[in-house]
Amino acid sequence: MNIPEKSKNVIMNTYARYPIALVKGQGSYVFDEDGNKYLDFISGISVNNLGHCHPDIVAAVQNQAASMLHCSNLFWSEPQLNLAEKLVAKSGLGKVFFANSGAEANEGAIKLARKYFFDQGKESKNTIITMDKSFHGRTLATLTATGQDKVKVGFSPLMPGFKYVPFNDFAALKKAITPDVAGIMLEPVQGEGGVHPGDGEYLKKVRTLCDEKEILLIFDEIQCGLGRCGALFCYENYGVLPDIVTLAKALGGGIPMGAFIATDKVAASFGNGTHGSTFGGNPIAAAAGNQYLTILEKENIIDNVKVMSKYLQEKLKKIPSTKIVDVRGMGLLIGIEVSCGSGSIVQCCFNNGLLVLAAGADVVRLLPPLNCTKTQIDEAVKILEKAIMEDE
Ligand SMILES: *Cc1c(COP(=O)(O)O)cnc(C)c1O
């Protein structure tokens, strides 16, 4: 069976896919249809944060599937309650809305920001400022929010009400503030746009600016949140609390799920009938997400992220290649900027059994499972080093 070739005839070709079909995952490894084994330092783009098929997540999904797959949001459900209680307690924010994906979470956060000012009679305060090189999703509003032209080509007219500034440039942001600005949305650590961590002083100043100008601060932690950057919420690393945070990717423990959490004051603008989603907070996704958060604590995963982050970055910095321009990131969201193009290195790693991904044309991005080991990092760095040196 040739799954890749057959698929191209019937599935829209929107992704630059590896020419293999994966059939099985086990911990930090995946296997293709020919039985080849790969060390997975992509983790489903930061979805499979505990590796593949963690037995507790598998059990949570199986148990929930046997009692109820779906019940709609016309009813309350315990898995949703449990997950919401955990997220609220740990975020320092007030209330959650459950969605199905990252784009949908960001879309909802943008709606909430607009509605918040509408409710105060400030309907014209509706513009969202986002950052150059950001990534916020592929729906019409979120691709408009995204600070990269490549996702917008061919999809005009774009949504009104967005403007863009360079990331980590406080003067530029301050200059862009006008009375119509309702929100500033940013990723504390940019993922797709090349792995760019926010500057600590910058984020603190942005928070103060938002307070002064009555603007909502929205953090997109879809990639950098949920333990990936060495804290459950990446903003804990900065000591800066947003008004709204958006989550997805790892949130459902591998099952599709998105969410945004807002302060009680802001969340009050989402009353009955203002927003909704048929599958949002689906019991299976919520049960798996609960288990994900439970395992993070039980297995001290965040401590492991801190140790492995340091170990991995130190090893990468020792690779003796002039082609490495920079090694940066936070926790286990790591970018290696190279002067020779990321594509050939990604390909060479793949040929040698390591899955990594690009973040733009010149950054190789590593998203290892948060419970990875030093041995696995040694294995990955050996392959990476070979790929970078071979390309010499
Ligand atoms: C992946 C991602 C999104 C989009 O999430 P989808 O689930 O693909 O819609 C939005 N923002 C960031 C930071 C992401 O990494």
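All ligand and atom numbering here is 1-based and tracks the order in the structure. The shown structure was predicted, so the numbers you read here are calculated from the model rather than taken from an experiment.
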> Just heavy atoms, cut-off under 4.0 Å: does Thr246 contact ligand 1 by side chain, backbone, both, or neither?
Replying inline: neither
>> Centroid separation under 6.0 Å, is that true for the rings of His52 and Tyr29?
In response: no
> When you look for heavy atoms under 4.0 Å from ligand 1, do you find them on the side chain of Ala103, its backbone, both, or neither?
Replying inline: both
> Any side-chain donor-acceptor pair under 3.5 Å between Asp180 and Thr127?
Replying inline: yes
>> Taking the six-membered ring for Trp, are Phe97 and His275 closer than 6.0 Å centroid to centroid?
In response: yes
>> On the six-membered ring of Phe117, is Lys122 placed so that its NZ or CZ lies under 6.0 angstrom from the centre and within 45° of the ring axis?
In response: no
> Based purely on interatomic distance, does Gly137 place a nitrogen or oxygen under 3.5 Å from a nitrogen or oxygen of ligand 1?
Replying inline: no
> So between Lys249, Gln190, Glu192, whose heavy atom ends up nearest atom 14 (C) of ligand 1?
Replying inline: Lys249
> Quick one: does ligand 1 sit under 4.0 Å from the side chain of His136, the backbone, both or neither, non-hydrogen atoms only?
Replying inline: backbone
>> List ligand 1 atoms under 4.0 Å from Gln223, heavy atoms only on the residue side.
In response: 15 (O)
>> Quick test: of every protein heavy atom, which one is nearest to atom 7 (O) of ligand 1, and how far off is it to 0.1 Å?
In response: Gly102 N, 2.8 Å
> For ligand 1, which atoms have a heavy atom of Asn106 less than 4.0 angstrom away?
Replying inline: 10 (C), 11 (N)
>> Centroid separation under 6.0 Å, is that true for the rings of Phe260 and Phe98?
In response: no
>> Is a donor from one side chain sitting under 3.5 angstrom from an acceptor on the other, for Ser277 and Asn100?
In response: yes
> What's the shortest distance from atom 11 (N) of ligand 1 to any protein heavy atom, and which residue and atom give it?
Replying inline: Asp220 OD2, 2.8 Å
>> By the definition side chain to side chain contact (heavy atoms under 4.5 Å, CB included), identify the one residue from Ile222, Val189, Leu370 that meets it with Arg228.
In response: Leu370
> Once the angle between the rings of Phe167 and Tyr202 is folded into 0 to 90°, is it parallel (under 30°), tilted (30 to 60°) or perpendicular (over 60°)?
Replying inline: perpendicular
>> Using a 4.0 Å cut-off to any heavy atom of Glu187, which atoms of ligand 1 qualify?
In response: 13 (C)
>> Could you tell me, atom by atom, which parts of ligand 1 come under 4.0 Å of a heavy atom of Ser101?
In response: 7 (O), 9 (O)
